[in-house]
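See below for the structure under consideration.
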There are 2 protein chains.
Amino acid sequence: MTLDDEIARLAALANPHRFRIIALLAKESLHVSELARRLGMSRALLYMHLQRLESAGYVTGHLELSDEGKALKFFEVVPFAVTTTVASIVAAVEADTESTH
Amino acid sequence: MTLDDEIARLAALANPHRFRIIALLAKESLHVSELARRLGMSRALLYMHLQRLESAGYVTGHLELSDEGKALKFFEVVPFAVTTTVASIVAAVEADTESTH
DNA sequence: CCTACCTGCAAGTAGTAACTTACACGTGAC
DNA sequence: GTCACGTGTAAGTTACTACTTGCAGGTAGG
């Protein structure tokens, strides 16, 4: 885990909308439009947050065909536990200063 | 721990400068100007980062009088371990929706 | 006096994350 | 055809964080 990755993972979590997205998806896998309805936010905005969460590895999305033939994009959480300590920060910074020497 | 607090704590960590500040202070307590010199950043900018870290509870600062009578503001890290999991997020969001019901 | 340190803050700018609006496209039902 | 559902993206605005510059104040020493 590089310094940038660790920071990106923390930054991806640090947002109330994204907290609510994860909390909802933790209980059931939902498709984008349904998720937007439950959260009361625009689909376009939700997309942005889902992308951030997905690229940080907290959720994954996949297309699914409904009975009516509609393509639905379902998202689900990837179980995780992010721990940051003084020691992990020291290690990340040192690894970074080594590599860029 | 409220939802906002938890997010503030995560956001306060999610920054490369602040990672370096913590990594430096983990080894020795330093005063602001010395810290700025070691990090190669302006004192004013460092101040802003220190304030964010202090209000999130990761570091503490106190004035100290040097032998030459100069007032130096020393900072040191408050040992911490921040863990965020799917369960902790669900709990935080539920506690929040309860309180604001 | 001037220089060399230090703390502390305020005002302005730059850069980025968040958010809105609007569009293109595709399916099934009326 | 049109309506109601869905995905996906691009362009523009707002709001916030990060950052710079500059100044005020203090102490010690030449």
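Residue numbering restarts at 1 for every chain, and letters A, B, ... go by the order of the sequence lines. These numbers were taken from a predicted model, which means no experiment stands behind them. The figures that follow rest on heavy atoms only: side chains count, while hydrogens, waters and symmetry mates do not.
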Looking only at side-chain N and O atoms, does [X] come under 4.0 Å of OP1 or OP2 in [N]?
X       : N      : answer
A:Asn15 : C:dA18 : yes
B:Ser33 : C:dC5  : no
A:Ser42 : C:dT20 : yes

Starting at [atom1] of [X] and ending at [atom2] of [N], how long is that distance when rounded to a whole Å?
X       : N      : atom1 : atom2 : result
B:Arg37 : C:dC5  : CZ    : P     : 8 Å
A:Glu68 : C:dC30 : CD    : C1'   : 16 Å
A:His17 : D:dA15 : NE2   : P     : 14 Å
A:Phe19 : C:dA18 : CZ    : P     : 14 Å
B:Leu30 : C:dT7  : CG    : P     : 11 Å
A:Leu39 : C:dC19 : CG    : C1'   : 15 Å
A:Phe75 : D:dG8  : CZ    : C1'   : 11 Å

Would you mind telling me which of [options] lies closest to the side-chain atoms of [X]?
X       : options               : result
A:Val32 : D:dG6, D:dT7, C:dT20  : D:dT7
B:Leu72 : C:dC6, C:dC19, D:dA28 : C:dC6
A:Lys70 : D:dT20, C:dT27, C:dC5 : C:dT27
A:Lys73 : C:dT21, D:dT7, D:dG6  : D:dT7
A:Arg43 : D:dG8, C:dT7, D:dG6   : D:dG8

Earlier contact from the 5' end, DNA chain C, for A:Gly69 and A:Arg18:
A:Arg18
Could you tell me whether the side chain of [Y] reaches within less than 4.5 Å of the side chain of [X], counting heavy atoms only?
X       : Y       : answer
B:Glu76 : B:Thr60 : yes
B:Ile21 : B:Leu46 : yes
A:Glu64 : A:His62 : yes

Here the residues of residues 45-67 of chain A within 4.0 Å heavy-atom distance, strictly under, of DNA chain C are A:Leu45, A:Met48, A:His49, A:Arg52
Are B:Leu30 and B:Leu72 co-members of a hydrophobic cluster defined by side-chain heavy atoms under 4.5 Å apart?
no
Under a 3.5 Å threshold, yes or no: a donor from one side chain and an acceptor from the other, between B:His49 and B:Gln51?
no
Identified side chain to side chain contact (heavy atoms under 4.5 Å, CB included) partner of A:Leu53 from the options A:Ile22, A:Val78, A:Leu25:
A:Ile22
How is A:Ala44 classified with respect to the nucleic acid when contacts are heavy atoms under 4.0 Å: base, sugar-phosphate, or nothing?
base
In plain terms, say whether A:Lys27 and B:Glu94 are close enough for a salt bridge, that is, a side-chain N and a carboxylate O under 4.0 Å apart.
yes
